[in-house]
Amino acid sequence: MDCQQITEMLDAYALGASGSADAAAIEEHVADCVRCWEELTRAQRTAALLALSVPVREAPQRLEARILEAAARDLRARPPRSEKRRFPIGWPASAAALGIAAAAALAFASLLQVQMNDLRNDKDELARQLQTTRDTMSDQARVISIAAAGDKQAVVMDAVAAPEDAWGEYFWSPSAGGGFIVCHDLPVPPQGQVYQAWFEQNGRLVSAGTFVPSEDGSCAYPMQPLEEVGRPDGVGVSMEEAGGSDAPTGDWLLWAAFAED
Ligand SMILES: [Zn+2]
């Protein structure tokens, strides 16, 4: 396996979610590859932060109380320097010491708070990344189940308004109950735009979701299934604003009509 394949599997590996064959391949690869080793370290740090995120949330209060207790205990245990100084100076000195200890504890607690907030922000980002990973993995699982179906069929999607060398295929399986688009050499859309997939059914265009190809122009996008039961007449891809449109706003970039049977 090459570095890219290994890198793609590292997050799952760090979360303890890879199979034993993948895990063995990763371990063998990172033993000899500094770049992937560093990537693995990063993935493991991410996984550790996720694992830490729950217990850490309760730490500051307890810690602050512990520090204050320790400071008070310290003061009580400190022997008075002399009987003479005990009252006129001793008490205010203790008060000052307690004040300093409390201020230090508060400063420490607020420093922790800042770190907690950083961690929480990281965690939100991590949670988002994890969700994206989950979505990607469930997309992949869906694509695989359709691709592996015995009754899989395919149709070529020709470039209409897309660059000439771009093309697609639509695979579907009645038994798996869905289909997916594979695209080739489809340019990454400009910032703020996405590709949107459509079914044509009984003269109506129904959105099947939006996607963005990888940098190499490839994609494997599982179409959102039609609500209406029945065979679509065609499948197309248009370019739309991020978030998708209710109807295609431009020409078909890729299009395939299903043969009558
Ligand atoms: Zn590598």
Side-chain angles (χ1 to χ4, degrees), residues 1-56 115-149 152 154 157 162-163 165-171 176 179-195 197 209-223 237 242 254:
M1 267 186 266
D2 62 25
C3 290
Q4 199 193 332
Q5 287 169 304
I6 293 289
T7 308
E8 281 166 6
M9 301 194 303
L10 287 179
D11 285 329
Y13 176 79
L15 288 165
S18 36
S20 55
D22 284 353
I26 290 166
E27 281 155 17
E28 195 186 315
H29 182 96
V30 297
D32 287 314
C33 176
V34 175
R35 216 182 73 190
C36 290
W37 171 255
E38 282 171 354
E39 276 299 303
L40 175 61
T41 309
R42 184 199 55 75
Q44 283 172 331
R45 224 181 294 137
T46 301
L49 275 175
L50 280 174
L52 270 176
S53 58
V54 179
V56 145
Q115 287 176 342
M116 288 310 119
N117 288 341
D118 281 357
L119 204 56
R120 258 179 231 136
N121 293 340
D122 276 0
K123 194 166 70 65
D124 288 348
E125 174 61 16
L126 290 170
R128 205 185 54 72
Q129 284 177 9
L130 194 65
Q131 188 54 48
T132 309
T133 308
R134 278 207 195 104
D135 291 348
T136 308
M137 284 167 89
S138 84
D139 276 4
Q140 282 173 352
R142 180 123 189 82
V143 163
I144 289 165
S145 77
I146 297 166
K152 182 190 70 183
M157 301 177 74
D165 48 355
W167 62 289
E169 289 163 286
Y170 177 67
F171 293 92
F180 63 92
I181 287 180
V182 170
C183 55
H184 307 275
D185 299 312
L186 196 59
V188 172
Q191 187 75 31
Q193 302 210 286
V194 292
Y195 291 110
T210 62
F211 66 94
V212 173
S214 317
E215 271 170 42
D216 64 359
S218 69
C219 76
Y221 174 67
M223 304 277 278
V237 170
L254 304 174

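Ligands are counted one by one from 1 in listed order, and the atoms in each one are counted from 1 as well.
- Applying the ring-ring contact (aromatic ring centres under 6.0 Å, His included) test to Tyr170 and every residue at least two apart in sequence or in another chain returns Trp172, Phe199, Phe258.
- With respect to Glu39 and Arg42, a salt bridge is recorded, a charged nitrogen being found less than 4.0 Å from a carboxylate O.
- One N or O on the side chain of Gln5 and one on the backbone of Asp2 form a donor-acceptor pair closer than 3.5 Å.
- Every residue was checked against the disulfide bond (SG atoms under 2.5 Å apart) condition with Cys36, not counting sequence neighbours, and none meets it.
- Distance check, rounded to the nearest 0.5 Å: CD1 of Ile181 to CZ of Phe211 gives 5.0 Å.
- Among residues at least two apart or in separate chains, side chain to side chain donor-acceptor pair (under 3.5 Å) pairs with a member in residues 22-33 are Tyr13-Glu27.
- For the Zn ion (ligand 1), protein N, O or S atoms under 2.8 Å: 4 in total.
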